[in-house]
Amino acid sequence: MSHTEAGLCLNYSPVRKALNLLLFLLFLVQISVDGEQQWPVPYRRFDRRPDVDSYCQALYPFCPTGDPDGRIPYMRDSDVISIYRLQTPVWEFKYGDLLGKVHIMHDAIGFSSLETGANYTMEWYELFQLGNCTFPHLRPDEYAPFWCNQGAACFFDGIDDLHWLQNGTLEKIGEINGRQFNDMARWVQEDNQTGIYYETWTVCSDPGPNATVWFESYDCSQFIHRTYRKLAELGAKLSSRSQTNYTKIYLYSGEPTYLGNDSTIFEQPALKNLATNIRKFYYTFRPHQSFIDMVISLLEAFKEVVLDKNFYLYYNFEYWHLPMKPPYVHITYEEVPLP
């Protein structure tokens, strides 16, 4: 996946690098003087989706039966489209209900055309699986951590009833007409081109109801919530007979500290110690470890996150330091009512 910041300072002279660092530090000071940091940090939107770097490889191909260009079928205005809430354990096709027992669920939306009888599934997920979106690769040819963290919408023919019903949910929650569906489809394509990267974590100050949210996740369930809100805005009446719960993975920390991006951290000699600490932190979570290495890494991760209370978060292609606090990490399955 291409880096938006990579390569900006590769040929700078030492003087130019020092000036760049000084301007960056003055920028941080100006923020603290002029106003408070906005929480949660707004998710960054982009003008277009970048090309995928060939280094990023998926264990399972993304959207194998969907349209390669992301096109969504056009519906006649007079058509009646049924809307279905879909939910199943993550990787249910491989592990059955195993991840469902700890409420790690995947969400999607189904549609059915009355005029044609055709069924469709729409979901939003990682291009290169969850691990690659949560932690980076440390490449020998690049000093900055390398991220394969794009996520995107996938729209394809059919609804696999068994997949959704066996260990999850398939429930009709409303109807729209063809015109409303087409309006939603245009919104999905715009949303998909501007919201390009996956974010696993929701970061909060504490588990309480009045907690400050530092960062919001951007994952499959957040796409479903945005789509439900858009459908309601277009006039859909949505209702469910069951409680509408969704998975969230929380980190808990004190107020985060902004650190910078690739060029301001990994291309500045003055920040070499910070760059080394970030690389060392992510090395613990590297992919393709042996069983013994994984056990060692889990112990190192416990020391780093729980004992030393450190976590480096990558958000909006920038790094933040999280001063971790109990309970550190928590997976919840909480209700989000339909709009």
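- Atoms CZ and CD1, on Arg226 and Ile224 in that order, are 9.0 Å from each other to the nearest 0.5 Å.
- Applying the under-4.5 Å side-chain rule to Ile, Leu, Val, Met, Phe, Trp and Tyr, the cluster around Leu86 extends to Tyr84, Ile159, Trp164, Leu165, Leu170.
- Under a hydrophobic clustering in which Ile, Leu, Val, Met, Phe, Trp and Tyr are joined whenever their side-chain heavy atoms come within less than 4.5 Å, directly or via other members, Leu313 and Val306 fall into the same cluster.
- Remark: Arg48 pairs with no residue by the side-chain contact (heavy atoms from CB on, under 4.5 Å) rule, at least two apart or across chains.
- Among residues at least two apart or in separate chains, disulfide (SG to SG under 2.5 Å) pairs with a member in residues 57-121 are Cys63-Cys154.
- When the SG-SG distance for Cys148 and Cys56 is compared with the 2.5 Å cut-off, it comes out below that value.
- With sequence neighbours excluded, the residues that form a side-chain contact (heavy atoms from CB on, under 4.5 Å) with Thr200 are Leu130, Thr134, Tyr198, Ile249.
- Aromatic ring centres of Phe62 and Tyr125 lie closer together than 6.0 Å.
- Taking the six-membered ring where the residue is Trp, Tyr60 and Trp91 present perpendicular rings, their angle passing 60° and hence far from 30°.
- Residues satisfying the side-chain contact (heavy atoms from CB on, under 4.5 Å) criterion with Tyr143, sequence neighbours excluded, are Phe266, Lys272, Ala275, Thr276, Arg279.
- Residues meeting the side-chain contact (heavy atoms from CB on, under 4.5 Å) test with Glu255, sequence neighbours left out: Trp39, Trp214.
- Side-chain contacts under 4.5 Å among hydrophobic residues (ILVMFWY), followed directly or transitively, place Ile296 together with Ile292.
- Taking the ring pair (Phe, Tyr, Trp, His ring centres under 6.0 Å) definition, one finds that Phe302 meets it with nothing, sequence neighbours left out.
- Each salt bridge (charged side-chain N to carboxylate O under 4.0 Å, His left out) pair with one or both residues in residues 197-218, not counting sequence neighbours, appears once here: Glu216-Lys248.
- Hydrophobic cluster membership of Tyr333, counting Ile, Leu, Val, Met, Phe, Trp and Tyr whose side-chain heavy atoms lie under 4.5 Å apart directly or via other members: Met105.
- When hydrophobic side chains of Ile, Leu, Val, Met, Phe, Trp and Tyr are connected at separations under 4.5 Å, Tyr252 ends up clustered with Tyr250.
- Under the salt bridge (charged side-chain N to carboxylate O under 4.0 Å, His left out) criterion, Arg45 pairs with Asp191, not counting sequence neighbours.
- Using cut-offs of 30° and 60° for the angle between ring planes, the Trp147 and Tyr319 rings count as tilted.
- Tested against Ser240, the residues Glu171, Arg85, Lys172 include a single side chain to side chain donor-acceptor pair (under 3.5 Å) partner, Glu171.
- Between Glu318 and Asn316, the side chains place no donor N or O within less than 3.5 Å of an acceptor N or O (distance only, hydrogens not considered).
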